[in-house]
Protein chains: 2
Amino acid sequence: MIKNTEFIDKLRLSGLRPTKQRLKICEVLFNREKTFHFTINDLAKSISEQLNEKISLATVYNTVHAFKDKGYLKEISINSDKSYFDTNISNHHHFFDEDTNQLIDCHEDDIEKINIKRNITGKKIKSVEVLIKVASDNQNQN
Amino acid sequence: MIKNTEFIDKLRLSGLRPTKQRLKICEVLFNREKTFHFTINDLAKSISEQLNEKISLATVYNTVHAFKDKGYLKEISINSDKSYFDTNISNHHHFFDEDTNQLIDCHEDDIEKINIKRNITGKKIKSVEVLIKVASDNQNQN
DNA sequence: AACTACATTATAATTGTTCTAAACTGTTGA
DNA sequence: TCAACAGTTTAGAACAATTATAATGTAGTT
Ligand SMILES: [Mn+2]
Ligand SMILES: [Mn+2]
Ligand SMILES: [Zn+2]
Ligand SMILES: [Zn+2]
């Protein structure tokens, strides 16, 4: 369990003021055993469940974007009209369960290292993401 | 250059009526040398450029979804708030140029075959997609 | 304490997409 | 051939996710 002062230091070091709202969001995001894959709505729900006072939706968006910009969150590309975020900021890939809309981390051993043999002239690789969509056997494709 | 009657047959075989609008969209989508990666907006623009009479945006959406359902188009997952489609329906991966927002096909030899060594119990793999984001060297990450 | 820049908030605006329901058209078979 | 019907198109409304706005609040500095 991470102490509040650690969050305060981390925020200050990033040039973000440690406000009440940001600290609460830190708790919800980072005070957990396992990786949290979430949409803004998931996060807002987690917040309101664990909190008496409320945080404005705009602040949730602002904070998630600030944390992403500072590298404390990753955004995951899923074919959907909503964004997913990830507290696991290491390079890793995902399974996406189409039945439950849940992301599952791929671990080092789950997938062989991606070896890209071509490069685009004048361009640098910014990220490589593998998304493996899964669903129950008795599910219609796509 | 594909003849109009071929499109008519293809549509009829799929249980889709060969309407004026669908045939025009077929022309724009499939009467080209190279793969077309597009957003609905790109397609609507291409249509209005090549056409005197106009096609309703709702029809463009309807048709693209119908074609996707019939397997004539693929939808590509990009971290963005808009959907991308692909006339290349083979299994393949993509580079995404963040400077221009253009997709580039990965060919067979560009990337080693993805080898997934883990499976999710009770779930079947529906798709495996690799997205390699690229940008100019002097670009800020993500 | 006062100042200032940064942050929060409610709410409006924007954007991509889907829905609706009325008008239209391709197909069928009497 | 043509009426009937199901499928299709359409404009515009509705919707959902996200971003912008601008007023109010607050953390950090002096
Ligand atoms: Mn989609
Ligand atoms: Mn959207
Ligand atoms: Zn993850
Ligand atoms: Zn492609």
Side-chain angles (χ1 to χ4, degrees), chain A residues 4-5 7-28 37-45 47-48 51-70 72-73 75-85 101 142, chain B residues 4-5 7-28 37-45 47-48 51-70 72-73 75-85 101 142:
Chain A
N4 220 283
T5 54
F7 291 137
I8 293 178
D9 292 347
K10 198 167 174 180
L11 286 169
R12 280 229 184 79
L13 279 172
S14 320
L16 298 171
R17 288 187 184 167
T19 63
K20 196 160 41 111
Q21 293 85 346
R22 283 177 179 160
L23 288 171
K24 184 66 205 176
I25 292 173
C26 278
E27 269 182 55
V28 173
H37 294 109
F38 63 97
T39 64
I40 295 285
N41 227 42
D42 296 334
L43 177 55
K45 201 171 147 230
I47 292 167
S48 67
L51 194 60
N52 10 11
E53 64 225 285
K54 77 181 277 287
I55 296 179
S56 161
L57 188 58
T59 301
V60 179
Y61 272 99
N62 289 342
T63 303
V64 165
H65 285 140
F67 286 4
K68 184 197 161 191
D69 292 346
K70 296 299 180 186
Y72 304 140
L73 290 175
E75 192 168 5
I76 309 296
S77 314
I78 296 180
N79 191 10
S80 162
D81 32 16
K82 74 183 64 156
S83 268
Y84 283 73
F85 295 89
N101 278 18
N142 234 329
Chain B
N4 220 282
T5 54
F7 291 137
I8 294 178
D9 291 347
K10 199 167 174 180
L11 287 169
R12 281 226 185 81
L13 279 171
S14 319
L16 297 171
R17 288 188 184 166
T19 63
K20 194 159 45 111
Q21 292 86 346
R22 284 177 177 157
L23 287 171
K24 184 66 206 177
I25 292 173
C26 277
E27 269 182 55
V28 173
H37 294 109
F38 63 96
T39 64
I40 294 285
N41 227 42
D42 296 334
L43 176 55
K45 203 170 146 232
I47 292 167
S48 68
L51 194 60
N52 7 14
E53 65 225 283
K54 78 182 276 288
I55 295 180
S56 161
L57 187 59
T59 300
V60 179
Y61 272 98
N62 289 342
T63 303
V64 165
H65 285 141
F67 286 5
K68 184 197 161 192
D69 292 346
K70 296 299 179 183
Y72 304 141
L73 290 174
E75 193 168 2
I76 309 296
S77 314
I78 296 180
N79 192 9
S80 163
D81 34 15
K82 71 182 67 154
S83 270
Y84 283 73
F85 295 89
N101 278 19
N142 233 330

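All heavy atoms count here, side chains included; hydrogens, waters and symmetry mates do not. In what follows, chains carry the letters A, B, and so on, assigned in the order in which the sequence lines appear, proteins first and then strands, with residues in each chain numbered from 1. Fair warning: this is a prediction, and the values are worked out from it, not measured in the lab.
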Is there a side-chain contact between [X] and the phosphate of [N], meaning an N or O under 4.0 Å from OP1 or OP2?
{"X": "B:T59", "N": "D:dT8", "answer": "no"}
{"X": "A:H65", "N": "D:dT18", "answer": "no"}
{"X": "A:Q21", "N": "D:dT26", "answer": "no"}
{"X": "A:S83", "N": "D:dA17", "answer": "no"}

Taken in chain and number order and not counting sequence neighbours, the residues that satisfy side chain to side chain contact (heavy atoms under 4.5 Å, CB included) with A:N41 are A:T39

With A:K70 via side chain to side chain contact (heavy atoms under 4.5 Å, CB included) - residues at least two apart |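 Per chain and number, A:K70 pairs via side chain to side chain contact (heavy atoms under 4.5 Å, CB included) with A:S14, A:L16, A:Y72.
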
Nearest-Å distance, [atom1] ([X]) to [atom2] ([N])?
{"X": "A:I25", "N": "C:dT9", "atom1": "CD1", "atom2": "C1'", "value": "13 Å"}
{"X": "B:L23", "N": "D:dT9", "atom1": "CG", "atom2": "C1'", "value": "14 Å"}
{"X": "A:D81", "N": "D:dT18", "atom1": "CG", "atom2": "P", "value": "8 Å"}
{"X": "B:R22", "N": "D:dT10", "atom1": "CZ", "atom2": "C1'", "value": "14 Å"}
{"X": "B:Y84", "N": "C:dG16", "atom1": "OH", "atom2": "P", "value": "10 Å"}
{"X": "B:L11", "N": "D:dG7", "atom1": "CG", "atom2": "P", "value": "16 Å"}
{"X": "B:N62", "N": "D:dA11", "atom1": "CG", "atom2": "P", "value": "13 Å"}
{"X": "B:E53", "N": "D:dA11", "atom1": "CD", "atom2": "C1'", "value": "17 Å"}

Margin query: Closest approach to the side chain of B:Y61, judged atom by atom: which nucleotide of C:dT8, C:dT17, D:dT9 is it?
Written below: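 Nearest listed nucleotide: C:dT17.
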
Out of D:dA17, D:dT9, C:dA7, minimum distance to the side chain of A:K82 belongs to D:dA17

Are any protein N/O atoms closer than 3.5 Å to N/O atoms in nucleotides 27-30 of chain C? If there are, list each pair with its distance.
residue	atom	partner	partner atom	Å
C:dT27	OP1	B:R12	NE	2.8
C:dT27	OP1	B:R12	NH2	3.3
C:dT27	OP2	B:R12	NH2	3.3

- Message: Need to verify one output field. Residue with the more 5' nearest nucleotide on DNA chain D, A:N41 or A:K20?
- Response: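 Whichever sits nearer the 5' end wins; that is A:N41.
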
For residues 54-65 of chain A, run the donor-acceptor check on the side chains, cut-off 3.5 Å, and write out each pair with its distance to 0.1 Å, sequence neighbours left out.
residue	atom	partner	partner atom	Å
A:S56	OG	A:A58	N	3.2
A:N62	ND2	A:A58	O	3.3
A:T63	OG1	A:T59	O	2.7
A:H65	ND1	A:Y61	O	3.3

Query raised in the report: For residues 11-24 of chain B, which residue pairs qualify under salt bridge (charged side-chain N to carboxylate O under 4.0 Å, His left out), counting only residues two or more places apart or in two chains?
Result: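 Listed by first then second residue: B:K20-B:E53, B:K24-B:E27.
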
Applied to residues 56-65 of chain B, the salt bridge (charged side-chain N to carboxylate O under 4.0 Å, His left out) test, sequence neighbours excluded, yields none

So CG of B:D9 and CG of B:N4: to nearest 0.5 Å the spacing works out to 10.5 Å

Mind checking what makes side chain to side chain donor-acceptor pair (under 3.5 Å) contact with A:T19, not counting sequence neighbours?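 For A:T19 there are no side chain to side chain donor-acceptor pair (under 3.5 Å) partners, ignoring immediate neighbours.
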
State which residues pass side chain to side chain donor-acceptor pair (under 3.5 Å) with A:Y84; sequence neighbours excluded, sorted by chain then number.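 Counting only residues at least two positions away or on another chain, A:Y84 forms no side chain to side chain donor-acceptor pair (under 3.5 Å).
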
*How about A:N79 and B:S83: do any of their side-chain heavy atoms sit closer than 4.5 Å?*
yes

Less than 4.5 Å apart, side chain to side chain, heavy atoms only: is that true for A:L23 and A:L11? yes

Tabulate protein N/O versus nucleotide N/O from nucleotides 10-12 of chain C, keeping only pairs under 3.5 Å, one per line.
residue	atom	partner	partner atom	Å
C:dA10	OP2	A:K54	NZ	3.3

Assert: residue with more 5' nearest nucleotide on DNA chain C, out of B:T19 and B:I40, is B:I40

